[in-house]
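Written out below as structure tokens is the structure these notes cover.
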Amino acid sequence: KLTSNFRQAPRIDGSFRAKTEDYFPQVKNGQVDDSLIILDWKSDPVMEGKTKDFIKLTSKEGIWDLLEQGRSYAQIMDKRGDFDTISQS
């Protein structure tokens, strides 16, 4: 399904065609500059298969669960050293 209803009308989100380079000029041919940190839910193994679940968030509990999953994955990223380029000043 290419559309979702929003405000009683079908809408298309064109971002599914976007590439990382469209948002970050520092990325060239899929290669990421070391100074760039990309937070992408598709990198989280728990979230990568839940594309349509974002549209279904209709309760506060669902939103808090999503935020908690993001926090949990950020801890994994931190242990991997993904945030080492961020200044601690």
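One-based numbering along the sequence shown.
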Whether Y73 side chain and V46 backbone form a donor-acceptor pair below 3.5 Å: no

For E61 and D65: C-alpha separation, side-chain torsions, deciding distance, then whether side-chain contact (heavy atoms from CB on, under 4.5 Å) applies. CA-CA 6 Å; E61 182 180 318; D65 288 346; 3.9 Å; yes

side-chain contact (heavy atoms from CB on, under 4.5 Å), that's the test. Do D44 and M77 meet it? Break it down for me. CA-CA 9 Å; D44 180 347; M77 293 176 70; over 6 Å; no

